[in-house]
Amino acid sequence: GSTITTLEEQGQLARAQHDNDCTWRCEVSDPQELINLRGISDWEFELAMESSRQKIDTTLSLHDAIRDCHPGAIYMINKQKYKVTQFDAEEEKIYLEEYDGPEFTQALPEENIEINSVIKEREPESLQNVMVGIAEVTYQSQIFEYLYKENDTDENPQRRHISNILPTFELDTEALYLTIPDTVKNRAKRITKVDHPFLGGIHG
């Protein structure tokens with residue numbers, strides 16, 4: 001009861017009375033956007049202008065910082081473009097300069113998931129040669145390269161290397177997994193001639 005009252009006071013729940021029944025409606029249009037599924041990092045990067053060292057009222061988590069504000073990145077805040085001139089991991093600061101060109105950048109993360117221990121695993125009766133389980137895992141994301149696009153419709157962007165060694169984003173969490181039989185993998189390869197049909201199919 002106290003939790004509902006608190007959420008009502010915050011304007012996140014609206015009470016609706018129907019005769020003797022009472023229901024609540026969530027007033028937040030997209031509540032999932034309030035939850036950070038990427039994990040929590042102790043690192044929080046401040047943004048500042050290169051010329052004046054004046055802070056910009058925006059902070060980034062480590063995950064977002066290496067993805068969106070690596071050296072050479074073009075970053076947008078309130079429809080204004082900025083170019084990253086310096087990424088200071090030690091001071092947890094990122095320096096920018098205003099940028100008005102048509103170019104865009106897109107980071108190319110290298111991701112890895114390491115299984116530390118299996119919590120639970122079972123073989124569903126309805127599926128053959130498939131194991132489903134939950135495991136403790138470590139997720140890592142690193143940025144070494146990014147795409148440099150001449151404009152937002154550039155279909156042949158340059159691939160650029162980042163000379164600085166950026167911090168690695170790491171998250172210890174739990175993950176649901178399932179094994180996929182070789183018969184399914186082989187069938188996917190035969191169905192289409194696109195690059196990496198099996199991996200593309202899983203992603204889809």
Side chain proximity check, [X] to [Y], heavy atoms < 4.5 angstrom:
X	Y	value
Met49	Ile56	yes
Leu166	His70	yes
Ile180	Leu178	yes
Lys83	Glu103	no

According to a hydrophobic-cluster definition based on side-chain heavy atoms being under 4.5 Å apart (Ile, Leu, Val, Met, Phe, Trp, Tyr only), do [X] and [Y] belong together?
X	Y	answer
Phe169	Leu108	no
Tyr99	Leu96	yes
Tyr95	Leu47	no
Trp43	Ile162	yes
Val84	Tyr148	yes

Looking only at side chains, do [X] and [Y] share a donor and an acceptor under 3.5 Å apart?
X	Y	result
Ser141	Glu111	no
Glu170	Gln140	yes
Glu136	Ser117	yes
Tyr146	Arg159	no
Tyr177	Glu121	yes

message: Test side-chain contact (heavy atoms from CB on, under 4.5 Å) on Ile113 and Thr138; report intermediate values, then the result.
response: CA-CA 6 Å; Ile113 296 177; Thr138 299; over 6 Å; no
- prompt: side-chain contact (heavy atoms from CB on, under 4.5 Å) between Lys149 and Gln106: does it pass, once the steps are laid out?
  reply: CA-CA 8 Å; Lys149 303 181 179 182; Gln106 179 184 342; 3.0 Å; yes
Considering all heavy atoms, the nearest [X]-[Y] contact:
X	Y	answer
Pro157	Asp154	CA-OD2, 3.6 Å
Thr105	Ala73	OG1-CA, 3.5 Å
Ala65	Ile94	CB-CD1, 3.9 Å

- prompt: Is there a side-chain contact (heavy atoms from CB on, under 4.5 Å) between Asp100 and Lys81 once you walk through the steps?
  reply: CA-CA 6 Å; Asp100 60 3; Lys81 279 185 179 180; over 6 Å; no
- prompt: After noting the C-alpha distance and the side-chain angles of Thr153 and Phe104, does the key distance pass the side-chain contact (heavy atoms from CB on, under 4.5 Å) rule?
  reply: CA-CA 10 Å; Thr153 59; Phe104 289 86; over 6 Å; no
message: Using the ring centroid of each side chain, check whether Phe45 and Phe87 are separated by less than 6.0 Å.
response: yes
message: Any carboxylate oxygen within less than 4.0 angstrom of a Lys/Arg side-chain nitrogen, looking at Arg53 and Glu50?
response: yes
- request: Check the pair Gln142 / Thr168 against side chain to side chain donor-acceptor pair (under 3.5 Å), numbers first and verdict last.
  value: CA-CA 5 Å; Gln142 296 175 287; Thr168 299; 3.0 Å; yes
task: Could you label the plane-to-plane angle of the His63 and Tyr139 rings as parallel, tilted or perpendicular, counting under 30° as parallel and over 60° as perpendicular?
output: tilted
